[in-house]
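Beneath this line is the structure, given in C-alpha cells, with notes to follow.
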Amino acid sequence: MRKIQRRARVTGPAREKLAADLKRWYDGGTSIRQLVAVSGRSYGAVRLLLQEAGAEFRPPGAPSNTATNSTPQCPEPILSRVAL
C-alpha cells in the first residue's frame with residue numbers, strides 16, 4: 001500500500017479526490033481511526049478532509065451505519081489511486 005509521505009501537502013484535485021474517497025468509506029461505516037491507518041494521515045487531517053467533503057460525523061462510540069456487518073471492513077489502499 002502506498003501512503004502519502006508525512007507532512008506532504010495534498011492540494012487541488014488530488015485533495016478533492018482523497019476527501020471524496022475518505023467520505024465514501026466513512027459513510028460506508030469505516031471509522032476515522034481505520035482511515036488514519038490506511039491513509040497514513042493524522043487523525044486531524046482525516047477529520048478535516050471528511051469535514052471538507054461534507055461528511056456527517058457519527059457521535060464518538062456510536063455504531064456504524066452498516067447493520068449487516070458489525071465490524072466495518074478496512075478500505076482498499078486509497079492513496080494508490082491518488083496522483084500527487
Worked check of salt bridge (Lys or Arg N to Asp or Glu O under 4.0 Å) between R15 and E52: CA-CA 10 Å; R15 184 179 181 91; E52 289 175 6; 2.9 Å; yes
Closest heavy-atom pair and its distance - A19, A53: O-CB, 3.6 Å
Minimum-distance pair of heavy atoms, taken over all atoms of V46 and S39: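 Result for this residue pair: CG2-OG, 3.7 Å.
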Main-chain N/O of Y26 paired with R58 side-chain donor or acceptor, under 3.5 Å: yes
About how many Å separate [atom2] of [Y] and [atom1] of [X], when rounded to the nearest 0.5 Å?
{"X": "I32", "Y": "L22", "atom1": "CD1", "atom2": "CG", "answer": "10.0 Å"}
{"X": "R24", "Y": "T30", "atom1": "CZ", "atom2": "OG1", "answer": "9.5 Å"}
{"X": "L48", "Y": "R41", "atom1": "CG", "atom2": "CZ", "answer": "10.5 Å"}
{"X": "E56", "Y": "Q51", "atom1": "CD", "atom2": "CD", "answer": "12.5 Å"}

Contacts of type ring pair (Phe, Tyr, Trp, His ring centres under 6.0 Å), residue Y43, not counting sequence neighbours: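 Residues passing ring pair (Phe, Tyr, Trp, His ring centres under 6.0 Å) with Y43: none at all.
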Working for side chain to side chain contact (heavy atoms under 4.5 Å, CB included), residues V38 and Q34: CA-CA 6 Å; V38 171; Q34 288 172 321; 5.6 Å; no
Verify same cluster id: L18, F57 (apolar side-chain graph, 4.5 Å): yes
